[in-house]
There are 2 protein chains.
Amino acid sequence: MVGDRTDWSAMRDRRMAEPGAVEAYDAARLAFELGRAVRELRERRGWSQSQLAQASGMTQSAVARFEAGGTVPTLPVLERLATALDVSLHVSFAPRDAAA
Amino acid sequence: MVGDRTDWSAMRDRRMAEPGAVEAYDAARLAFELGRAVRELRERRGWSQSQLAQASGMTQSAVARFEAGGTVPTLPVLERLATALDVSLHVSFAPRDAAA
DNA sequence: CACTGGTATAGCATCGTTGCTATGGCCTGG
DNA sequence: CCAGGCCATAGCAACGATGCTATACCAGTG
C-alpha cells in the first residue's frame with residue numbers, strides 16, 4: 001500500500017496548539033534520529049555499546065536507552081558521545097527557507 | 001589589544017582527562033553561544049524577553065537565564081525557541097576534518 | 001546443555017533544567 | 001519624584017535525564 005507510513009507532515013501542521021506541544025514531539029523525533037546516527041557511527045567503528053559507554057563515560061544501559069530514542073539526550077551527553085566517536089557536534093539555528 | 005580574547009584553543013587541548021570533563025566545558029560554551037544566537041534573533045525581531053517567553057511557552061526568567069548561558073538548555077526548549085523565532089533547529093554530528 | 005558476549009529493560013538515587021513567583025536594578029517618560 | 005517597561009537574579013517545587021545495578025533475551029559456540 002502506498003500510504004503505509006505515518007503522515008508526519010500532517011502532524012507537523014498542528015502548529016498553533018499550546019506552546020510546547022508540537023515541539024516536544026519534534027524533540028522526540030530529534031532524539032530518535034540522533035540515536036540512529038550514534039548507532040551508525042558506533043557500528044562503523046565496530047564498537048559495542050559497552051565500549052562506547054566506557055569511552056564516553058557512560059554506562060551500557062545509558063547508551064542503549066539513548067540509541068533506542070528512549071530519552072531526549074542532553075547537550076553534555078551529546079558532547080561526550082561526539083568526542084568519544086571522534087566527531088564534532090553541531091547545534092545551530094537556521095532560517096526556515098535556507099537549507100542550512 | 002590583540003590577545004584580548006580568551007585562549008579557548010589552549011583549554012580545548014586539555015583532552016585526555018577523565019571522560020566528561022572537557023565535554024562539560026564544551027557544553028557550557030555551546031550554551032553560551034546558543035544564548036547569544038537566540039538573543040540576536042529575538043532583538044532582530046524587536047521582541048522583549050517576555051514576548052519571546054510567551055511565544056515559546058516559557059517564562060521571562062527562563063529566557064533571561066538561557067540567554068545569559070546560565071544553564072545548558074535541553075533540546076525540547078531549543079525546539080520551542082526555534083519555533084517561536086520561526087527558525088529551524090539543527091543538531092548533527094559531523095566528521096572532525098570536514099567543515100560541515 | 002552450559003557459556004559467553006551483545007543488547008534491551010527495569011528500578012532507584014541523584015543531578016540539572018525548567019516552571020513559577022517575586023524582587024531589585026536600570027532606564028525612560030511623565 | 002514617580003510610574004512603567006525591560007532585564008537579571010533568587011528560591012523553591014516539579015519534571016526529566018543520567019548513573020548505576022541487576023536482570024532478561026538472543027545469537028553464537030564449545
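Letters A, B, ... mirror the listed sequences (proteins, then strands); counts begin at 1.
Considering all non-hydrogen atoms of both residues, S88(A) and P95(B) come closest at OG-O, 3.9 Å. The minimum heavy-atom distance between E67(B) and R42(B), with the atom names listed, is OE2-NE, 2.6 Å. Across every non-hydrogen atom of V72(B) and A27(B), the tightest pair is CG2-O, 4.1 Å.
To the nearest angstrom, C1' of dA8(D) lies 16 Å from CZ of F66(B). Following rounding to the nearest Å, L75(A) (CG) and dT18(C) (P) show an atom-to-atom distance of 9 Å. Rounded to a whole Å, the CE atom of M58(A) is 14 Å from the P atom of dT7(C). In this structure, the CG atom of L34(A) is 15 Å from the C1' atom of dA17(D), given to the nearest Å. Look at CD on Q54(A): it is 14 Å from P on dG19(D), rounded to the nearest Å. With rounding to whole Å, E79(A) atom CD is found 19 Å from dA17(D) atom P.
Put simply, the residue from T71(B), V77(B), L78(B) that forms a side-chain contact (heavy atoms from CB on, under 4.5 Å) with T74(B) is V77(B).
Within 6.0 Å of CZ in F32(B) there are 12 or fewer heavy atoms belonging to other residues, nucleotides or ligands.
V77(B) comes within 4.0 angstrom of sugar-phosphate atoms only, judged by non-hydrogen atoms across all strands, and of no base. Residue-level contact check: A64(A) touches the bases, meaning some heavy atom is under 4.0 Å from a base atom.
For dG16(D), the OP1/OP2 oxygens have no side-chain nitrogen or oxygen of T74(A) closer than 4.0 Å. When the side-chain nitrogen and oxygen atoms of R80(A) are compared with OP1 and OP2 of dG19(D), one or more of them lie within a distance under 4.0 Å. Remark: R39(A) is not in phosphate contact with dG6(C), judged by side-chain N or O atoms under 4.0 Å from OP1 or OP2. Distances shown here put a side-chain N or O of R42(A) below 4.0 Å from the OP1 or OP2 atom of dT7(C).
Remark: side-chain polar atoms of R65(B) are not paired, donor with acceptor, to backbone N or O of G70(B) under 3.5 angstrom.
Projected onto DNA chain D by closest heavy-atom contact, E43(B) and R65(B) fall at different nucleotides, the more 5' of which corresponds to E43(B). A residue-by-residue look at L78(B) and A68(A) shows that A68(A) has its nearest nucleotide of DNA chain C further toward the 5' end.
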Identify the pairs formed between an N or O of the protein and an N or O of nucleotides 21-30 of chain C at a distance under 3.5 Å, and give each distance.
from    : atom 1 : to     : atom 2 : distance (Å)
dT21(C) : O4     : S61(B) : OG     : 3.1

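Atoms CG and CG, from L34(A) and L81(A) in turn, are 9.5 Å apart once rounded to the nearest 0.5 Å.
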